[in-house]
Structure formats: C-alpha cells, structure tokens
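Here the structure comes first, spelled out in structure tokens, and everything after it is commentary.
The structure displayed is predicted, hence computed values, not measured ones. Every chain is numbered from 1 and lettered A, B, ... according to where its sequence line falls, protein lines coming before strand lines.
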Protein chains: 2
Amino acid sequence: MQASMNQIVTLDKDTWGLLRNVLVEHQLVKGDLLLKPGQVCKHIFFLQTGLLRSFYLTDGEERNVAFTLENSFVTDMKSLRSGQPAQLSIQALESSTLQSIPKADLLGLYERSHHLEAFGRRLLENLLEEQEEYAAWFTLYSARERYNRLVKKQPDLVQRVSLGHLASFLGIRRETLSRIRKLK
Amino acid sequence: MQASMNQIVTLDKDTWGLLRNVLVEHQLVKGDLLLKPGQVCKHIFFLQTGLLRSFYLTDGEERNVAFTLENSFVTDMKSLRSGQPAQLSIQALESSTLQSIPKADLLGLYERSHHLEAFGRRLLENLLEEQEEYAAWFTLYSARERYNRLVKKQPDLVQRVSLGHLASFLGIRRETLSRIRKLK
DNA sequence: TAAAATCTGTGACAAAAGTCAAAAAAGAAG
DNA sequence: CTTCTTTTTTGACTTTTGTCACAGATTTTA
C-alpha cells in the first residue's frame, strides 16, 4: 500500500504512522459483498490483492460501472459523502484482501496532515480523469470501439473478467459482446 | 466567487488574499474558444457568468462531454496534469465572464495553504460524484430516460442549450432527440 | 469425475437509434 | 421588416443493438 501510495505523493513517516493506526484488514472470498444497497458507506477501501466490481441493480438487472484492480482505492463516493444509503453494490469477483479506512478517521487525518490532504486531492484528480475518460467513451465511440479500446487499455482486466461483466461495463448485452468478439 | 467557494469550504482571509492575487479576469463572447486542441491547458477557470461547453472533435464531429454553468470551475484535467496538448475544446455558448488561475500559482498556493488544499480536495469529490453519475447514465438508461432525467435534474440547462448540443451530450443524434421530444 | 450450475455462442426476429435528404421554423443581421 | 443563416423537424430507409430461446462449453461442487 505504501509503495503504490508513494506513486501519488510521498508521505512522511509521521503521516504514515497515523494512517497505519486506523487501517483494518479484510478478507473477501469470491462473491462476497463489500457494500450492499441500503447500507451507508462509511469507509474507503484499498484493494491489496484480488478484483472487485461496482454495480447498480435496476429492475432486476445488474449494471457494472467500475472494476477495481489491486493497489487501488474504492468506495461509494456518493453514499460516503452524503451519509445516505448506498444504491451501489461492491462485490469481490476474486478472493480479495483489502484495508479499510473509516470516514471519520480519514477526515481527522486530513485535518491533522496537510500531506495526506494533498495525497487525497491528487488521488481524486486521478479518479476524475479516469471517470471522464470512461464517460466520454460512450459519446465518442460505438460498442465495438469501446471494447477494442478497453482491450488495448486494460488487457489484463479483459482476461480476468467474464464476458457478461465486461459487456455490462461497456453498456451492451452479453450477446452483443459475444458477436463483437467473433467477428474479429 | 467567494460566495460559491464558501459553500464547499470556508476559506480564511489570508488564503483569500493569496488566491485573489493570482486571479485574472477574462471575457468571452458567444463562440469564443477558451481552450483549443493542441494547446496545453495551463489554467483552471471559474465561470462567473455565462455558459460553456467542453467537447471533442473526432472525425469531423463535435461531441459534447460537459456543460459549465455559472459559479463553477472548469478545466481540461488531463492536459492540465500531464502537460500534454489538449484533445478537448472549451467554448462559450453565451457571452461569459471568468477568472483564471494559472496552474503554477495554484500548486504554490496548495503548498502554502492547507485550507486551499482541502478546498481542492472537496471540489474534486464533487466533480467526481457528478462524473460518476453522468457515466452511469449510459449503462443504466436508454436515450429517452437519459433525456428525461436531464430535464428533471437541470431544467435550466435544457432551456439554455440548443437541441443539437444536448443531443450530443446525451450521446445521441439531433434527429433522435427531436423525436424523443415530439412523442411526449 | 459426474452432475449441476453458470457462462458463452448462435439464430431469427424486434426495437432503437443512425443516416440522408429536404422542408419548416426560428434566430441573427442588415 | 426582410433576407440570410442556422437549427429543428419529418420521412424513408439502414445499421446497430436488444430480445428470446436454446444449444454448447465451461466451471463448480458434491
């Protein structure tokens, strides 16, 4: 966790100490839910090993909106900030190890440590950039183009995630992705 | 600007003084470009009055990915952070007044003021939340549903923006939006 | 490893959205 | 006002994607 956080901002020893104090380790097995709709999301999570998906359940259909690969952070920003019950679910697609940071502790640490606040800001810039790119794909590219770009951008992800989950993330039906794959 | 920034974090007088020092006012008339593809984006902008759109130009087609209403911030996060030439264009849809903050100054201020850094972090959380919602609409809803939700969420925007620009933002053709409007 | 469950591929057809062309409407400019 | 320009609407047709049903594969698990 330290190594991958240092790629964003190098934190001093004191800040690390503070942060380490509030971390709690979790283990999930494939299929476990880290966040269920109706729950208030009160943590941010750092995924050490494994793979997660974030999805909405609307009229009986699950729609993936994100995958989380190892060494990255995940939460439901909307529920976390508002304190309202989540609409989102977060589920382990593979057995996973992660650290959680309670919201209350994080806010305290942000106040105490300018460095950590700077880390938070830069992490959010990263996430925003990614999210802007993901959204733009829908207006800029066809289903087939989105798939091709995903393969180029995250070949590892495409290997590890089932066709059905990928299709949902790309905003298309399993059958359509199956056909896209066949014809090239 | 102070009023709308205070809704995010209340900044102390000193920080305000620092920030005010680096602001530069700009006027745009309808049609003016604030950012052109190929330019490196070196500022963040605060829109005081007017209306902007952000769009990509791909094979001769303009595709809108965002609108900026008064009292909000806008930039090309990707170009700003990477220092690479922008792909994005930002254009005034109405005559606009805005303040710009040079990247170099902003980074300096972030270091000097923990408060401003906190402001930045919270602003980014807002932007991320919005962007996540926008992206999710494409996987969750049909063209017609996206349009209906936009009308409910930002009726003001729907009034002020032409059908063509709205359609592009929703990821559909003008003709399709025209038909959606007719049939209800 | 056999049976069950889940996931993927395929075909035939339906629905949604795109394309192209042209007319109508609305807005800007002299 | 009247003309010019841009935007919106409409119709006919095409393409893309979705739907449903079912057959093969693959994976899980007992």
Side-chain angles (χ1 to χ4, degrees), chain A residues 28-33 50-51 53 55-64 67 89 91-96 136-151 157-184, chain B residues 28-33 50-51 53 55-64 67 91-96 137-151 157-184:
Chain A
L28 299 177
V29 305
K30 188 173 174 173
D32 282 355
L33 286 169
L51 177 60
R53 70 173 176 130
F55 66 98
Y56 290 96
L57 186 63
T58 52
D59 21 80
E61 289 269 354
E62 299 182 352
R63 307 297 179 103
N64 297 322
F67 298 107
S89 305
Q91 184 184 42
L93 291 180
E94 301 174 1
S95 296
S96 300
W137 280 19
F138 288 99
T139 64
L140 295 175
Y141 309 119
S142 67
R144 160 170 276 114
E145 284 172 300
R146 293 199 296 280
Y147 173 69
N148 290 335
R149 282 174 189 265
L150 187 64
V151 171
L157 186 73
V158 176
Q159 292 308 318
R160 284 165 74 180
V161 175
S162 73
L163 177 144
H165 285 316
L166 283 178
S168 166
F169 178 71
L170 292 170
I172 57 180
R173 298 273 131 184
R174 306 177 203 78
E175 295 92 332
T176 302
L177 182 52
S178 175
R179 286 172 179 130
I180 286 174
R181 278 185 168 172
K182 185 170 66 158
L183 305 180
K184 63 151 301 218
Chain B
L28 300 177
V29 303
K30 187 173 172 172
D32 282 355
L33 286 169
L51 177 60
R53 70 173 175 129
F55 66 97
Y56 290 96
L57 186 62
T58 51
D59 22 77
E61 290 268 353
E62 299 181 353
R63 307 298 179 102
N64 297 322
F67 298 106
Q91 185 184 41
L93 290 180
E94 302 175 0
S95 295
S96 300
W137 281 17
F138 288 99
T139 64
L140 294 175
Y141 309 119
S142 68
R144 160 171 276 111
E145 284 173 299
R146 293 200 294 280
Y147 173 69
N148 290 337
R149 282 174 189 265
L150 187 64
V151 170
L157 186 74
V158 176
Q159 291 309 318
R160 284 165 73 182
V161 174
S162 74
L163 177 144
H165 284 316
L166 283 179
S168 166
F169 178 71
L170 292 170
I172 58 179
R173 297 273 131 185
R174 305 176 203 79
E175 295 92 331
T176 302
L177 183 52
S178 174
R179 286 173 179 127
I180 286 173
R181 277 185 168 169
K182 185 170 66 159
L183 305 180
K184 68 153 297 226

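Of the residues B:Val158, B:Leu177, B:Ile180, the one that meets the side chain to side chain contact (heavy atoms under 4.5 Å, CB included) test with B:Leu163 is B:Leu177.
Within 6.0 Å of atom CZ in B:Arg181, more than 12 heavy atoms from other residues, nucleotides or ligands are found, so the atom counts as buried in its surroundings. For B:Arg63, the CZ atom sits in a packed shell: over 12 heavy atoms of surrounding residues, nucleotides or ligands are nearer than 6.0 Å.
B:Arg181 places its CZ atom 14 Å from the P atom of D:dT7, with the value rounded to the nearest Å. Rounded to a whole Å, the CD atom of A:Glu62 is 13 Å from the C1' atom of C:dT6. Rounded to whole Å, atom P of D:dT17 lies 22 Å from atom OH of B:Tyr141. When rounded to the nearest whole Å, the span between CZ of B:Phe138 and C1' of D:dT17 equals 16 Å. Computed from coordinates, the A:Arg174 CZ to C:dT10 P distance equals 16 Å when rounded to whole Å. Following rounding to the nearest Å, A:Leu93 (CG) and D:dT28 (C1') show an atom-to-atom distance of 16 Å.
With B:Tyr141 as the aromatic partner, B:Arg149 meets the cation-pi criteria of under 6.0 angstrom to the ring centre and within 45 degrees of the ring axis. Both the sub-6.0 Å distance and the 45° axial angle are not jointly satisfied by A:Arg144 relative to the ring of A:Tyr147.
A:Ser162 comes within 4.0 angstrom of the backbone, heavy atoms only, and of no base.
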Do any N or O atoms of the protein come closer than 3.5 Å to N or O atoms of nucleotides 23-25 of chain D, and which pairs are they?
none

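Between A:Glu61 and A:Arg173, at least one side-chain nitrogen of the basic residue sits less than 4.0 Å from a carboxylate oxygen of the acidic one, meeting the salt-bridge criterion.
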Original post:
How would nucleotides 11-30 of chain C be written as a contact map, 5' to 3', with B for base contact, S for sugar-phosphate-only contact and - for no contact, using protein heavy atoms under 4.0 Å?
Top reply: BB----SSBB-------S--
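Two residues are said to be in side-chain contact when any heavy atoms from C-beta on lie closer than 4.5 Å; A:Arg146 and A:Phe138 meet this criterion.
A:Glu175 and A:Ser178 share no donor-acceptor pair across their side chains, judged by distance under 3.5 Å alone.
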